[in-house]
Amino acid sequence: MINRLVIENLKHRKLRTTLSALSIGFQVTMILAVAGLSRGMLQDSMNRAKGVGADIWIKPPGASAISLSGASMPQSVLKYFRQVPHVRLATGTAVQPIGGISTITGIDYDEFVAMSGPFRFLEGGPFQSDDDVIIDQYYAEQQKLRTGDRVRILNHEWRVCGVVEPGKLARLFVRLRRLQELTGSEGKLNQAFLKLDDPRRTQEVVQYLKSQPELAGYSIYSIEEFLSLFSMNNVPGLKAFIYVIIGLSLIIGFLVVGLTMYTTVLERTREIGILKALGAGPMDIVGILVRETVMLAIAGWVAGILLSVGAHWLINTHVRANLQSEIAPDWWPIALAVSLAASLLGALYPGLRAARQDAIEALSYE
Amino acid sequence: MEPIIIVRDLRKIYHVGEVDVHALRGVSLEVPKGEFVSIVGPSGSGKSTLFHIIGGLTSITSGQVVVDGQDLSQLTDSERTRLRRKKVGFVFQRYNLLPTLTALGNIEIARYFGGNTGPLDPEFREIIRLLGIEHRLHHKPRALSGGEQQRVAIARALVNRPAILLADEPTGNLDSENSEAVLGLLRDLNHGFGQTILMITHNPEAAAYADRILHMRDGRVVRES
Ligand SMILES: Nc1ncnc2c1ncn2[C@@H]1O[C@H](COP(=O)(O)OP(=O)(O)O)[C@@H](O)[C@H]1O
Ligand SMILES: [Mg+2]
């Protein structure tokens, strides 16, 4: 019976109900989008890291594990790696930021392909000249580029020689030597990759490399170890950012629901008086408002999930070279908890006010 | 038999800012079970205040009020809420139906607060028939005429079969035809079901429907007829 009253009350003020639910929905979307984006981007980075096909990743001294840095190692170190027992292949890349979060990667084409397997070209083919760039499908779609198009990157004009399937380390590939020349870092690499004759020996080789005094300061990871670094905890500031978003959602939700419930209570002074005359106690009145609030929060939550699915679709169709998003159902309960908490906090003061309100004043002054 | 309402030297002072409003200045009365009593008097004479006290909506300043054997001055707020649920039904001048619920919804929510569930009992169905609102039960208040709304409000007040029906100017907003119908219904409820009724009114003709008329002035019962 109370539920019927609550639903009728919400239906009675359709516009306000819709707007409050939507604003809760936007906060839910905000949380889910941030979670989905972090997860999607980490997953994409992981897939691309796996796509290299290496058993061991090596970063120079001073480099951070998964974010870009200027630290480098001499190219000659590859020769050293090649004579380490069980190392079958060794190659290295140079990475240069090109604005925003995009990067361009210099590779030795033959070495890279030998390690990761051939590129799967959707159009075009391998480098023909030093000024060729291979781009992946996402980048091609987002920048509307095709084979033969010219692009300016790093103040240099490149020709797109091929478009490949995504998932191999980078989105833009150029010849290593060319990139080193352009950035004045001849003979330097930002990371190196090793492939072993037997992947089961990975731990053994990692231990061996770590024990070499020449490699002091180098970060040496097995691929499993390296992939395990792709978690929210390891991205600097990400956790804090998510907390800030959750905090903002709580505050906005609190204000929106607080205001909605406050006007509801003011406007329903008479109705609350009637309920009291019918025998409703203060807790009954609070109960009714709490139920209305919970329904608003749940409606907002559902709207937020739908909106976040929409945002996910938009991101993955329009900007998937830069941003990748995943649906994050395990965050749905968290978002629900946040919207419920915000709403109930917001309803607290109006609810208490309604419970204490004098029934007679509402009823007797016509 | 003990009267269903006993009021002895009842006083009520409202504190409005710095000012004390003496709404009731020593009211005494007794109402036996099954009686229909009218209360008349000028505006501000304390009639509604008396109802709100008997109905447990507000507290007593001094004096004694016993409703169906329960001494109200001894009750806590939550006990007064319980009294309101079980023993009294209110009818107001402005009907005071919940606008978002249908007529039946209004009746059912009162029933819910009264702690009654399950199907409506046959006697109450009889009351609904008597009130002539069976075919209007699924309409919202704004689709009902004033007379219909007041009859729904009476049904709502009676759904928990309260010991006392308190009607505060129930015909104040109605034209004479609807007033007569509502007053006739109150009298039928009183005669047919032995319902104890207290009714406030301005109108001497309306007051005449009752068994007894109490005249109030300045917070006191000044005359009985
Ligand atoms: N809730 C209240 N707060 C303060 N004063 C009130 C309140 N209710 C009634 N009064 C005052 O008490 C007096 C009696 O009012 P009321 O019982 O409504 O009289 P009546 O119903 O006979 O018109 C009036 O002076 C009125 O202003
Ligand atoms: Mg009055």
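Proteins come first, then strands; the chains are lettered A, B, ... in the order of their sequence lines, and each starts at number 1.
The two residues B:Phe90 and A:Ala277 make their nearest non-hydrogen contact at CD1-O, 3.8 Å. Looking at every heavy atom in both residues, B:Lys140 comes nearest to A:Glu8 through NZ-OE1, 3.2 Å. Across all non-hydrogen atoms, the minimal contact from B:Ala110 to A:Leu278 is CB-CD2, 4.0 Å.
Remark: A:Lys276 NZ to B:Leu57 CG distance equals 9.5 Å, nearest 0.5 Å. Distance check: B:Leu101 CG to A:Leu5 CG gives 5.0 Å after rounding to the nearest 0.5 Å. In this structure, OH in B:Tyr112 is found 11.0 Å from CG in A:Leu275, a value given to the nearest 0.5 Å.
Within 6.0 Å of CD on B:Glu205 lie no more than 12 heavy atoms contributed by other residues, nucleotides or ligands. Enclosure of atom CZ in A:Phe241 is not indicated, since only 12 or fewer non-hydrogen atoms of other residues, nucleotides or ligands lie within 6.0 angstrom.
Taking the side chain as every heavy atom from C-beta outward, A:Ile274 and B:Tyr95 never approach each other to under 4.5 Å. Between B:Ser78 and A:Met283, the closest side-chain pair of non-hydrogen atoms is not below 4.5 Å. Residues A:Arg270 and B:Arg94 have side chains in contact (heavy-atom distance under 4.5 Å, counting atoms from C-beta outward).
The candidate from B:Ile109, B:Val159, B:Thr81 with the greatest count of non-hydrogen atom pairs under 4.5 Å with chain A is B:Ile109.
For a residue to count as touching a neighbouring chain, one of its non-hydrogen atoms must lie under 4.5 Å from one of that chain's; by this rule B:Arg111 does not touch chain A.
Of the candidates B:Asn96, B:Leu97, B:Leu98, A:Glu271 forms a side-chain contact (heavy atoms from CB on, under 4.5 Å) with just one, namely B:Leu98.
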